[in-house]
Undergrad: 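Have a look at this one before I ask anything.
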2 protein chains.
Amino acid sequence: MEAAARVIARRGVRGLRVEELAAEAGVSTALIYYHFKDRTGILRQTLEFINDRAERYTTERAADAPPLTAREELEQTLLLELQETVEVRENSTAWGELRASAVFDETLREDLARATRVWVQEIAGLLGAVRPMSSAVALAGAAERLTALLEGLSTRWLSGSLPLAHARTLMADAIDAEVTRLGS
Amino acid sequence: MEAAARVIARRGVRGLRVEELAAEAGVSTALIYYHFKDRTGILRQTLEFINDRAERYTTERAADAPPLTAREELEQTLLLELQETVEVRENSTAWGELRASAVFDETLREDLARATRVWVQEIAGLLGAVRPMSSAVALAGAAERLTALLEGLSTRWLSGSLPLAHARTLMADAIDAEVTRLGS
DNA sequence: GTCTATACGAGGATAGAC
DNA sequence: GTCTATCCTCGTATAGAC
C-alpha cells in the first residue's frame, strides 16, 4: 500500500501503471494481481489506506507538546495540509486526484461527498470553538469556504502555479478573515 | 477546438482519445495530427481556446444593458464561472482537468501558470476599482484567494459534492468578505 | 506466494493515395 | 486538406511453472 501511495503521488490515480507499482514494491505484476482483484481494486484499497493515514497525522500531537488554543488547533489542522513532507504531499496529491476523477467517474462521488461533509463539519467544529456565539449556518459556510480554498490552493501548489510558502500565507490570511468575520 | 472542449468535458484530459475527438469533430484521426503536432499540442491549444472563450463570456455585456458598478462587475466576473450552461460547464471542467493533470505532467505547467497569473491580475484590477485605496499586495492576495476558492468550489460542484446554488452563495459571501476586509 | 512469459486490446502516431 | 490502412508501443491481465 505504501508503494501504491508513492506511485499515485508520482503519476496520479489515472496514471498509475500496475507494472510500475510492482517495480516500486519489488515484486512482479502477477503478484499484484494475485493480491488485488484488478486495477480498480488497487485504487480502492490505496485510497482507503491514504484516508486512514490522513486521519492519523491531522489528529496526532506529540505527548509533551503544549496544549493548543482553539485558534491554534484550527490553523494547524488546515495548514498541515500545506506542507512539504512525503506523507502530506502524497495525501494531498491523491485527494486532489480523487476529487478530479469524480468529475468523470460517478462511482467515487458518494464516498467523496461523505468524506467532504465529515471534513467540513470538523472544521466547523473548530471554528465554533474559536467563535462560540456564531450560528451553525455561519460556521458551516466559513468551513466550506476554508476547505474549498484549501483544495484550490493545494492543487495550485502541486501543479506548480503557487509556491508553498505563499499558499500558506494565503490560507492563514483566509482563516484570519473568516474568524474576524464570525466575530463581528 | 469546440469538439476538443466537448470531449475533454466528457472524458477529462487524460481520458481524451484522439479517435473520439476525431469522431466528435467529424474527421479522421490523421487530420487531427495534420492540424496539431501531437496530443500535447491538442491540449495546449484547447487551453488557449477555453481561456479566450472565458474571456469573451465574462467580458461581454448586452449593448442595451445598464452599465455595471465596479462591485457588480467583480461579482459577475467570478459568479459567471458558476453557471449551468454548456459553455461554462465545459470551460470549468476543462480548466479543472488541465489544472489537475499539470500536477503530473510538466508540459502544461508553464501555460497554466501564466494563464493563472493573468486571471489573478484581472481580478486584482477589479478589486482595485472597488477599493481604490488598497495596496497592490493586499489586492493581489485577495484576488489569489478568490480565484483559488473559485477553482475549489467549481471542482466540488462538478464532482457532485456541492450544489451549484450553494457554491454561488459561498462565492458571493467570500467576495463580500474580501471587499469588506480591503475597506477596513 | 511468487515468478517468467505472453496473449491481447487499446490507442498514439504515420505512410501514402487522392 | 482529407482519407484509409496500418504500424507499433504500451499496459492490463492471465497461464502455468516452481
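Lettering of chains follows the sequences in order, A, B, ..., and the numbering in each one begins at 1. Treat the numbers as computed from the prediction; the structure is a model and nothing was measured.
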Undergrad: Does B:Glu90 reach the main-chain N or O of B:Ala9 with its side chain, forming a donor-acceptor pair under 3.5 Å?
TA: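 Side chain of B:Glu90 to backbone of B:Ala9: no pair is present.
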
Undergrad: When you list every nucleotide of DNA chain C with an atom under 4.0 Å from a heavy atom of chain B, which one comes first 5' to 3', and which comes last?
TA: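 Nucleotide range with atoms under 4.0 Å of chain B: C:dG11 to C:dA15.
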
Undergrad: Keeping to residues at least two apart or across chains, list the salt bridge (Lys or Arg N to Asp or Glu O under 4.0 Å) pairs with something in residues 112-128 of chain A.
TA: A:Asp111-A:Arg114

Undergrad: Does a side chain donor of either A:Tyr57 or A:Glu81 reach within less than 3.5 Å of an acceptor in the other side chain?
TA: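 There is such a pair between these side chains.
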
Undergrad: Mind checking what makes side chain to side chain contact (heavy atoms under 4.5 Å, CB included) contact with A:Ala140, not counting sequence neighbours?
TA: none

Undergrad: Can you list every pair that meets salt bridge (Lys or Arg N to Asp or Glu O under 4.0 Å) and has a residue in residues 148-157 of chain A, with sequence neighbours left out?
TA: A:Arg99-A:Glu151, A:Glu151-B:Arg156, A:Arg156-B:Glu151

Undergrad: Give every residue pair that meets the salt bridge (Lys or Arg N to Asp or Glu O under 4.0 Å) criterion with at least one member in residues 166-178 of chain B, sequence neighbours excluded.
TA: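 Passing the test, one end in residues 166-178 of chain B: A:Arg145-B:Asp173, A:Arg181-B:Asp176, B:Arg71-B:Asp176, B:Arg145-B:Glu178.
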
Undergrad: Give the angle between the helix axes at the two ends of the helix from C:dG1-D:dC18 to C:dC18-D:dG1, taking five base pairs at each end and rounding to 10°.
TA: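 Between the axes fitted at each end of the helix from C:dG1-D:dC18 to C:dC18-D:dG1 lies an angle of 0°.
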
Undergrad: Return the set of residues passing side chain to side chain contact (heavy atoms under 4.5 Å, CB included) with A:Ile32 (not counting sequence neighbours), or none when no residue passes.
TA: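 A:Ile32 satisfies side chain to side chain contact (heavy atoms under 4.5 Å, CB included) with A:Val18, A:Leu21, A:Ala22, A:Val27, A:Phe36, A:Ile42 once adjacent residues are dropped.
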
Undergrad: Keeping B:Thr169 on the side-chain end and B:Ala165 on the backbone end, is there a donor-acceptor pair under 3.5 Å?
TA: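 Between the backbone of B:Ala165 and the side chain of B:Thr169 there is a qualifying donor-acceptor contact (under 3.5 Å).
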
Undergrad: Taking the hydrophobic residues Ile, Leu, Val, Met, Phe, Trp and Tyr, and joining any pair whose side-chain heavy atoms are under 4.5 Å apart, which ones share a cluster with A:Leu68?
TA: none

Undergrad: Under a 4.5 Å side-chain heavy-atom rule over Ile, Leu, Val, Met, Phe, Trp and Tyr, are B:Val103 and A:Val7 clustered together?
TA: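 Shared cluster, no.
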
Undergrad: Sugar-phosphate means primed atoms, P, OP1 and OP2; the rest is base. With that split, encode nucleotides 7-12 of chain D 5' to 3' as B, S or - using protein heavy atoms under 4.0 Å.
TA: ----SB

Undergrad: Listed in order of residue number, which residues of residues 98-109 of chain B have a non-hydrogen atom at under 4.0 Å from DNA chain C?
TA: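 Going residue by residue through residues 98-109 of chain B, none turns out to have a heavy atom under 4.0 Å of DNA chain C.
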
Undergrad: Can you list, by chain and residue number, the hydrophobic cluster partners of A:Leu80 when the side-chain cut-off is 4.5 Å?
TA: none

Undergrad: Quick one: side chain to side chain contact (heavy atoms under 4.5 Å, CB included) partners of A:Gln121, sequence neighbours excluded?
TA: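 So A:Gln121 forms no side chain to side chain contact (heavy atoms under 4.5 Å, CB included) with any residue.
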
